[in-house]
Enquirer: 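Below is a structure I'd like to ask you about.
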Amino acid sequence: QLELAESGGGLVQPGGSLKLSCTASGSRFDFDFFSIGWFRQAPGKEREGVACISSSGGTTNYADSVKGRFTTSRDNGKNTAYLHLDNLKPEDTAVYYCAAGTSSPWIMIREPEGEYDAWGQGTQVTVSS
């Protein structure tokens, strides 16, 4: 059974950076079998797709609102995916979640309410001066 845990959130000033991690654990799973999607939900808003990365790491996809500022990567040897957040804006404030699924990154990013194999518990990112 696959379990995910996010870490790395916090309070940062506008223009600042953060690095989120999504670490997988559990028994009898192959991390490199799954695409990893990053999603966020701000207060009073629906969850939205932010970035997704394919199982091998060879394909990534980003929401238009974060292109050029966020970068996702993964280290399958460490069972961990990352989301680098640069040039943060107040509108990036949200709880960020990672999810593991078998869909392509192009599909996952458009399905923030999809039924994925695992979801993390979320990590809060607050951008404020």
Side-chain angles (χ1 to χ4, degrees):
Q1 182 175 356
L2 178 66
E3 298 180 352
L4 301 177
E6 301 96 339
S7 61
L11 173 64
V12 63
Q13 292 186 341
S17 299
L18 283 173
K19 177 183 176 180
L20 307 184
S21 298
C22 172
T23 301
S25 63
S27 60
R28 292 180 293 186
F29 73 92
D30 291 319
F31 183 68
D32 58 4
F33 181 74
F34 297 96
S35 297
I36 299 296
W38 290 92
F39 305 88
R40 66 185 181 186
Q41 187 164 21
K45 294 187 176 182
E46 296 183 348
R47 185 182 296 168
E48 62 175 344
V50 175
C52 292
I53 187 167
S54 63
S55 57
S56 68
T59 300
T60 56
N61 196 14
Y62 298 92
D64 289 342
S65 59
V66 306
K67 279 182 181 176
R69 300 189 299 120
F70 291 8
T71 304
T72 186
S73 62
R74 64 191 295 163
D75 184 339
N76 286 342
K78 295 183 178 179
N79 291 337
T80 301
Y82 305 98
L83 184 66
H84 297 257
L85 297 73
D86 294 317
N87 191 19
L88 281 160
K89 304 176 181 181
E91 52 264 42
D92 295 317
T93 295
V95 178
Y96 284 70
Y97 301 88
C98 62
T102 55
S103 301
S104 74
W106 300 98
I107 294 175
M108 281 188 75
I109 200 169
R110 291 169 175 78
E111 295 184 349
E113 302 299 332
E115 294 186 5
Y116 298 117
D117 294 81
W119 282 91
Q121 82 287 354
T123 185
Q124 176 71 46
V125 172
T126 302
V127 185
S128 176
S129 56

Enquirer: Give, for atom CD of Glu111 and atom CZ of Phe39, the distance between the pair rounded to the nearest 0.5 Å.
Expert: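 It is 8.5 Å, given to the nearest 0.5 Å.
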Enquirer: Quick one: closest heavy-atom pair of Pro14 and Ser128, and the distance?
Expert: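 Heavy atoms only, the tightest pair is CD-C, 3.6 Å.
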Enquirer: Could you note down all residue pairs passing side-chain hydrogen bond (donor to acceptor under 3.5 Å, both in side chains) where residues 43-54 supplies at least one of them, sequence neighbours left out?
Expert: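 Sorted pair list: Arg40-Glu48.
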Enquirer: To the nearest 0.5 angstrom, please state how far the CE atom of Met108 sits from the OG1 atom of Thr102.
Expert: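 Spacing of CE (Met108) from OG1 (Thr102) equals 8.5 Å.
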Enquirer: Pro105 and Asn61: which non-hydrogen atoms are nearest, and at how many Å?
Expert: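 What the structure gives for the nearest pair is O-ND2, 3.6 Å.
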Enquirer: To which residues is Phe31 joined in a hydrophobic cluster, defined by side-chain heavy-atom contacts under 4.5 Å among Ile, Leu, Val, Met, Phe, Trp and Tyr, whether direct or through other members?
Expert: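 Grouped by the 4.5 Å side-chain rule, Leu2, Leu4, Val12, Leu18, Leu20, Phe29, Phe33, Phe34, Ile36, Trp38, Val50, Ile53, Tyr62, Val66, Phe70, Leu83, Leu85, Leu88, Tyr96, Val125, Val127 form the rest of the cluster around Phe31.
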Enquirer: Going by the rule side-chain contact (heavy atoms from CB on, under 4.5 Å), which residues pair with Ser17 if we only count those two or more places apart in sequence or in a different chain?
Expert: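 side-chain contact (heavy atoms from CB on, under 4.5 Å) check on Ser17 returns Asp86.
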Enquirer: Test your reading of the model: is there a side-chain donor-acceptor pair from Asn76 to the backbone of Ser55, 3.5 Å cut-off?
Expert: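 Confirmed, Asn76 side chain pairs with Ser55 backbone.
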Enquirer: Taking everything shown except Glu115 itself, do over 12 heavy atoms lie less than 6.0 Å from its CD?
Expert: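 Atom CD in Glu115 is not crowded, with 12 or fewer foreign heavy atoms closer than 6.0 Å.
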Enquirer: Going by atom types alone, do Gln124 and Thr126 pair a side-chain donor with an acceptor below 3.5 Å?
Expert: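 The criterion, which ignores hydrogens and geometry beyond distance, is satisfied for Thr126 and Gln124.
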Enquirer: Atom CG of Asp32 and atom OG of Ser56: how far apart are they, to the nearest 0.5 Å?
Expert: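 Between Asp32 CG and Ser56 OG, I get 9.0 Å after rounding to 0.5 Å.
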Enquirer: Taking the side chain as C-beta and beyond, is there a heavy-atom pair between His84 and Ser73 under 4.5 Å?
Expert: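 SC-SC contact between His84 and Ser73 confirmed.
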Enquirer: Could you work out, with salt bridge (charged side-chain N to carboxylate O under 4.0 Å, His left out) as the rule, every residue matching Arg69, not counting sequence neighbours?
Expert: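 Partners of Arg69 under the salt bridge (charged side-chain N to carboxylate O under 4.0 Å, His left out) test: Asp92.
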Enquirer: If we ignore hydrogens and angles and just use 3.5 Å, is the side chain of Ser35 paired with the main-chain N or O of Ser103 as donor and acceptor?
Expert: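 Yes; judged by distance alone, with no hydrogens or angles, the pair exists.
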Enquirer: Using side-chain heavy atoms (C-beta onward) and a distance below 4.5 Å, is Arg74 in contact with Thr60?
Expert: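 Side chain of Arg74 against side chain of Thr60, heavy atoms only: no contact under 4.5 Å found.
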Enquirer: Can you list every disulfide (SG to SG under 2.5 Å) pair that touches residues 39-74, not counting sequence neighbours?
Expert: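 Every pair satisfying disulfide (SG to SG under 2.5 Å) with a residue in residues 39-74: there are none.
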Enquirer: For residues Tyr116 and Val95: do they belong to one hydrophobic cluster (side chain heavy atoms under 4.5 Å, members Ile, Leu, Val, Met, Phe, Trp, Tyr)?
Expert: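 Yes; tracing contacts between hydrophobic side chains, which count when under 4.5 Å, links both residues.
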Enquirer: Assess the side chains of Thr80 and Thr23: does a donor N or O sit below 3.5 Å from an acceptor N or O?
Expert: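 Note: Thr80 and Thr23 side chains meet the donor-acceptor criterion.
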Enquirer: Quick one: which residue pairs count as a disulfide (SG to SG under 2.5 Å) with a foot in residues 97-129, not counting sequence neighbours?
Expert: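 Output for this query lists Cys22-Cys98.
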